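Everything numeric here is computed off the predicted structure, so don't read it as measured data.
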Amino acid sequence: MALVPKKTKFRKHQRGRLRGRAVGGATLMHGEFGLQSLDCAYLTTNQVEAARKALAHYFKRSGKIWLRVFADKIFTAKAAETRMGGGKGAPARFVAPVKRGHIIFEVAGVTAQEAKEALRLASFKLPVATRVVSKS
């Protein structure tokens with residue numbers, strides 16, 4: 001179940017630069033505990049889904065999980081061993097741009113110890129350094 005947009009305004013995006021701190025999405029909104037990014041990176045749909053499944057598996061249908069990132073940026077790629085030129089590559093995958101300080105997951109309805117361990121296991125599935133934050 002890949003979280004991708006139904007429709008996009010443009011078929012191909014420009015790459016841009018990913019740096020700086022997150023302005024929006026840097027505080028807990030729904031849950032009691034959260035997984036906060038300490039680096040800037042592009043998270044693929046597969047990475048986000050793997051981390052979500054690790055959380056859900058640890059909680060065994062208890063607690064509530066909120067996903068605070070959405071893969072809405074298109075990444076293009078050209079075929080391997082292709083000569084230079086010939087224009088921009090075809091759309092290959094969707095990624096979620098995540099800046100420093102952005103909350104990736106939020107959880108509630110579980111103890112602090114359970115939340116910390118589950119978020120630690122989920123962080124192994126992501127390519128960014130993270131930390132666990134709480135409301136208190």
Side-chain angles (χ1 to χ4, degrees):
M1 176 191 125
L3 288 171
V4 295
K6 289 180 194 153
K7 190 176 154 188
T8 58
K9 189 168 183 180
F10 299 107
R11 207 168 77 84
K12 299 175 182 178
H13 285 194
Q14 291 192 336
R15 193 173 297 270
R17 270 183 89 177
L18 191 61
R19 61 196 185 124
R21 291 177 181 268
V23 178
T27 56
L28 290 173
M29 299 294 287
H30 312 289
E32 300 161 19
F33 305 96
L35 190 67
Q36 187 176 41
S37 170
L38 298 177
D39 296 327
C40 295
Y42 291 116
L43 304 183
T44 66
T45 53
N46 290 349
Q47 291 164 346
V48 172
E49 181 64 9
R52 188 198 64 77
K53 283 175 82 169
L55 276 175
H57 180 261
Y58 188 84
F59 288 150
K60 296 185 177 74
R61 293 193 297 273
S62 68
K64 175 92 170 104
I65 302 168
W66 286 272
L67 176 61
R68 294 282 308 275
V69 294
F70 184 70
D72 59 351
K73 186 176 176 70
I74 298 171
F75 243 50
T76 59
K78 296 188 80 163
E81 299 181 19
T82 306
R83 292 184 178 186
M84 293 284 106
K88 192 172 171 81
R93 63 187 186 269
F94 285 90
V95 294
V98 172
K99 290 187 172 185
R100 265 190 311 146
H102 198 285
I103 304 290
I104 301 169
F105 289 101
E106 289 188 31
V107 296
V110 290
T111 65
Q113 189 177 356
E114 281 180 322
K116 197 169 186 179
E117 179 59 19
L119 291 169
R120 185 185 72 84
L121 292 172
S123 72
F124 290 134
K125 308 292 182 185
L126 301 173
V128 290
T130 58
R131 71 174 178 185
V132 177
V133 293
S134 62
K135 280 227 169 151
S136 56

Heavy atoms only: give me the nearest Leu43-Pro127 pair and the separation to one decimal. CD2-CD, 3.6 Å

Just how far is it from atom CH2 of Trp66 to atom CG of Leu55, taken to the nearest 0.5 Å? 12.5 Å

Donor-acceptor pairs under 3.5 Å, side chain of residues 115-125 to any protein atom, not counting sequence neighbours: which ones?
| residue | atom | partner | partner atom | Å |
| --- | --- | --- | --- | --- |
| Glu117 | OE1 | Arg120 | NE | 3.1 |
| Glu117 | OE2 | Arg120 | NH2 | 2.8 |
| Ser123 | OG | Arg120 | O | 2.6 |

Would you confirm whether Thr8, through its side chain, and Arg11, through its main-chain N or O, come within 3.5 Å as a donor-acceptor pair? no

Please name the residue in the list Val133, Leu35, Thr27 that meets the side chain to side chain contact (heavy atoms under 4.5 Å, CB included) test with Ile103. Val133

Sequence neighbours excluded - salt bridge (Lys or Arg N to Asp or Glu O under 4.0 Å) pairs with any residue from residues 57-75: Arg68-Glu106

Indicate, with yes or no, if Leu18 and Val69 share a hydrophobic cluster defined by side-chain heavy-atom contacts under 4.5 Å among Ile, Leu, Val, Met, Phe, Trp and Tyr. no

Would Leu28 and Val107 show up in the same hydrophobic cluster when neighbours are defined by side-chain heavy atoms closer than 4.5 Å? no

Would you confirm whether Asp39, through its side chain, and Val128, through its main-chain N or O, come within 3.5 Å as a donor-acceptor pair? no

Looking at every non-hydrogen atom in both residues, tell me the closest pair between Gly20 and Cys40 and how far apart they are. O-SG, 3.4 Å

Considering residues at least two apart in sequence or located in another chain, which fulfil the ring pair (Phe, Tyr, Trp, His ring centres under 6.0 Å) criterion with Tyr42? Phe75

To the nearest 0.5 Å, what is the distance between CZ on Arg52 and CD1 on Ile104? 15.0 Å

Mind checking ring pair (Phe, Tyr, Trp, His ring centres under 6.0 Å) for His57 and listing every partner two or more places apart, or none if nothing turns up? none

For residues 82-101, which side-chain donor-acceptor pairs fall under 3.5 Å, sequence neighbours excluded?
| residue | atom | partner | partner atom | Å |
| --- | --- | --- | --- | --- |
| Thr82 | OG1 | Ala79 | O | 2.5 |
| Lys88 | NZ | His13 | O | 3.1 |
| Lys99 | NZ | Arg19 | O | 3.4 |

Test salt bridge (charged side-chain N to carboxylate O under 4.0 Å, His left out) applied to Arg131 - qualifying residues, sequence neighbours left out: none

Mind checking the CZ-CG spacing from Phe105 to Leu126? Nearest 0.5 Å is all I need. 6.0 Å

Can you tell me if NZ on Lys53 sees more than 12 non-hydrogen neighbours from other groups inside 6.0 Å? no

